[in-house]
Amino acid sequence: MSEQSNSNGSGYIIECQDVNKWYGEFHVLKDINVKVKEREVVVVIGPSGSGKSTLIRCINRLEEHQEGNIIVDGIELSNDLKNINLIRRETGMVFQSFNLFPHLTVMQNITLAQRYVRRRPRRDAEDMARQLLQRVGIPEQANKYPGQLSGGQQQRVAIARALAMQPKIMLFDEPTSALDPEMIKEVLDVMKELARSGMTMLVVTHEMGFAREVADRVIFMDSGRIVEIGTPEHFFENPNHERTKLFLSQIL
Amino acid sequence: MSEKIHRPDETFYVAPKEPPASRRPPALTIGPVGWLRKNLFSGVGNTLMTGITISLIVAFLYELITWSIVKADWNVVNNTMRLMMVGLYPIDQIWRIQLIAVLLVFLSGLGVGVWGGNARGFFIISLIIIIAALIIPLGAERIEPPSIRFIVTSTDPNGPILFVGDEGDTVGLTVEPIDDNAVAKQESPFTGFIENSAGASSSRALWNNAKAQVVAGKLDLSQYNLQMTVQLLDSKGKVLDESLSTPAHRVVNFEFKLPANGWYIVQVLRDDTGDAIFSSVDGLQLPVAAARALPNTGFAWVRIDGVNAMSAQQADVEQRTKTYGGLPTIQCPSTAECRRQLLEENVRYEGSRTFKAFLKTQLDPFLAEIIQALIVGFVVMLVAYSLGNFAKQSRNPASKKLVSRAAIIGWVIFFPLSWMLLSGFKNATTLHPFLELPQVAQSLWGGLILTIVLTFVSLTFAFPIGILLALGRRSKLPIISLFCVLFIEIVRGVPLITILFMAKFIVPYFAKSLSDTELLIRLLVGLTLFTAAYNAEVVRGGLQIIPKGQIEAAQALGLNPFATNVFIVLPQALRAVIPAIMSQSVSLFKDTTLVSIVGLFEFLGMIELIVNGQQVYRPYQREAYLFIGVIYFIISYIMSSLSRRLEESGAGTVRKMRKA
C-alpha cells in the first residue's frame, strides 16, 4: 500500500458506515460497515437475496441508500449529481449480463465514454481500446458487434470497457454467473491478471476458487447483514459463524 | 455392437474416428420444388387454398388489366397531368418544382451510390424503365390512327369537324347507316372512338338517346330515309372530295390523299328537299339519286379514318398553330358548331380496343407527357449514382468521406431549399437577381406536390416532437409528464379532421394574430401535432423495451442522462420502432387527403375538382381514381421499402439480418 492517493488520508478508498437500505418496506441492507483499502481485492459471497449485489450497486449509486454514509475516494455519495458523476468516473463496473451496447461495435463500446466523459481525442481513445483488448486477449474482435461474440468474449469486452475509463476501483457483480463453464475460466483469468496488477476490486461471485486464490479479504453476507469478514484462509478453513459454516458446507 | 443391448457397465459407444460424410438432403425437399411443396401444396387444405387464392388474384387482375387496356379512356389523366401534379402553380414558375425534383433525384442517386445497398437490382429496374420509355412511343408511331365516328341524324347534321393532317396522309370517309334495330339493342355494337363533345347534341348523347328509344319500341331504325353529301374541305373551304349517300345507296366510302400540311374539314350536308339529284357529265343531266318522300328519318355514322385526335394542351395548341396555321373559319348553318375540333377530350372510346390502339391512343400520350422528365431523371440519377459509386470504390477513403458528407449536407439543405423555391420571396424584385423568385401564394399549391409537402414537412417536425413527448411522458418531474400525457391523450382522442377544422376556423377566432398566417401553415401545424402525438406513443413503446441494464451500464460509465438517451437508449429504441413509425408516416401520407375538405386541393382534392368540375371528364371517374390509387400505392410502397432498408442497416438487438 505504498500509494496513498485518496484524498481523505484515511487509507481507505471505500468506506461504508452504517449503511441501511430498504426496497419499500423490505430491509435489504442492515447496518453495513465495510472499509476497503486501495489495491485490495475483496470478494463478497453469500446466498441469493443476501444483498451482495445491492451493496456494490450502492457504491456507484446505481441504488440509493437511505441511511449511513458511503465515501468513495474521499467523496461522499449524496444526491449531488456532480459527486455521483465524479465517483462513477472512478469506479468501473462489470455486470452479470455484460450490458454491452448492442448497437455499437466493440471499439465504439469501449471508446464512447472515454470520448464523451473523459473528452479524450478519438485517436487516443482507440489506442487505449486496442491496448485493453490486447490485455483481455481479444484484439481481433474490435470491429465486431457484441451479438457476434461469445459470452466470455463479451464479458471481457465489458471489462475492457470499464478499464478504459482508468478507474481506481472495479466493481464486479457476478461476472461469471451467466457464462458457460468453458468460458468462465477466460474471464477469471482476466480478473486474476487485473488483481495482480494492483487494481482495487470488489467482487460479488460464487467462484470460491477465485476467492481463495485472489482475494485479500472475503465478506460473507446473509439477509442484508455482514456475517463475517476475514482472510480467505480464515474464511474457508476456520469460519467463526454457524451461518458461514452452513453456507460453506452446502457449496463446497 | 448393434445386436447387443446397450449396458453402460458392459460396453460404451465410441464414435468412429472419421465422422460420417455429409449427404445432400432429399431432392424433393430443397430448391424451388421443395419450396413449392412445403409452402403451397403441403396438404389438401393448403393446396385448395393455394388454388382458390391464385384463381381469385388472376381473375381480378385479368379483369382490371383488360378493362384498363380495352375499355378505359385514360385521356382524363393525360390531359390533366399538370393540374394533378402541381395544381394551380403558375406555369412560368413550374421550373422551380422541376428543379426540386431534379435535386431530389440527384441526392437519391448520390446516396445509393455512396452508401451502397441493393444497387444492382435498382440499376436493372432503371434500365428496363429507360428502354421501355424509349421504345414504346417510337413503335407507336407506326400504328394506324383509330377511326373516329360521329353521328348524323335527321335533325342534326353534326359538323363540320376540324382536324390537322400532313401531306401524303390518306383520309378515309365512310357513311355507315344505322338501319338495324338489333344493332342498337346490343351493348357495344361497334368498336372505336365516337365524338363526345359536351352537350345534348354530342354523338354519344344522340346515340344513347336513340338506343333507349329503340329498346322502348318508340323508334324503328329500319325506316331509314337519309340523303346526304359527305365532303372533305381544305382550310379555305374548297371542296377536295365529296360523296353522296342516298337511301338506296347508303354505304359510301372514299379515300383522299392530302395534298399538304394543314387544317382540313369534314362536313355533312343533309339533303332536306326530297328532289331527285342530277349530275352534269359532258352536258348530260344524269340522275344520281331518285326523288324520295320526306321527312328524313334515321341515323348514320360518318367514320373518319387516318386522322388523329388532337391534344388540347396549351403547348400543343401553340405548336399546332406554328405548323399548320390558325384555325380556319368556314361558313356553316350554326356558328356554334363551326369551330368544333377533333380534340382528344372530344372523342371517347366505345366498345373495346386492340392493344395497338391502347398503345397509340392511351399510352403514347401519357409517355409523351412524361418522357422528357423520365429521361432527365434517369440521366441525373445515373450521373449522381456514378459519382457516389466512384467515390465509394475509390482507393482514397477521404473521397468517400467527402461525398458522403456532401450527400448528408445536401439532404439537410434540400428541405428548406425546396420550401424556399416553392414559396419564393415576398419582395423578390429587391433581392439579388439570382434570388428573384416571385412569391407563389400557398393557396395556388396543389396536386401531388402539395400532398408531398404536407407529408414530409409534418413528418420532419413530428418526429423530434414525438421523441421529446415520449421522453417527457417518462420524465420523473410530474409537471412535465402530466403535460405530455394530457397533450398526447387529447390529440389522440380527437379525429384528425377536427384538428384540421380547428386549424382553419377556430385558431383565427381565438388568436387574431394567427388569422393572417396562411391556411397551409396552420394545417401543417395541425398535422404535425397530430402525428407527433402518435409518434410519441410509438417511441414510448420503443423506450420500454430497452433493458434497464443498458441504462445502468451507461450510468456506471459516467454518462449523464442526456448522453445516455442520445447515445444508448434512443438509437436502440428508435430502431426497434422503425416499422411502427413508418406505418404511422404512410398513414399520415394518406390522411393528408383530408385537407381537401378544409379547402386545399391536394392530389385527391384536385382529382375530385377535375372529374366533378369539368363536364368532359365526368364519365372518367374510374380512370382518374384508379390512377391516383396507383400513385398513392407507389409512394407508400417506396416509403415502406425505405423503412425495410433502414431496419436492415446498422446493428443492434433488434437488427433484422439481411438475407444473404
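Side chains are part of it too, since the values below use all heavy atoms of this structure and drop only hydrogens, waters and symmetry mates. So you know, we letter chains A, B, ... as the sequences are listed, proteins then strands, and number each from 1.
More than 12 heavy atoms of other shown residues, nucleotides or ligands fall within 6.0 angstrom of atom CZ in Arg474(B). Within a 6.0 Å sphere centred on CZ of Phe562(B), heavy atoms belonging to other residues, nucleotides or ligands number 12 at most. Heavy atoms from other residues, nucleotides or ligands lying under 6.0 Å from CD of Glu182(A) number 12 at most. Counting non-hydrogen atoms of neighbouring residues, nucleotides and ligands closer than 6.0 angstrom, the OH atom of Tyr637(B) reaches no more than 12 such neighbours. Taking a 6.0 Å sphere around CZ of Phe461(B), one finds it holds 12 or fewer heavy atoms contributed by other residues, nucleotides or ligands. Within 6.0 Å of NZ on Lys192(A) lie more than 12 heavy atoms contributed by other residues, nucleotides or ligands. Atom CG of Leu486(B) has more than 12 heavy atoms from other residues, nucleotides or ligands within 6.0 Å.
Heavy-atom neighbours of chain B within the stretch residues 82-99 of chain A, taken at a separation under 4.5 angstrom, comprise Asn85(A), Arg88(A), Thr91(A), Met93(A), Phe95(A), Asn99(A). The contact list for residues 110-130 of chain A toward chain B, using heavy atoms and a distance under 4.5 Å, reads Leu112(A), Ala113(A), Tyr116(A), Val117(A) by residue number.
Of all non-hydrogen atoms in Phe101(A) and Ala553(B), the two that sit nearest each other are CE2-CB, 4.0 Å.
Of the listed residues Leu171(A), Leu100(A), Asn60(A), the one with more heavy-atom pairs under 4.5 angstrom with chain B than any other is Leu100(A).
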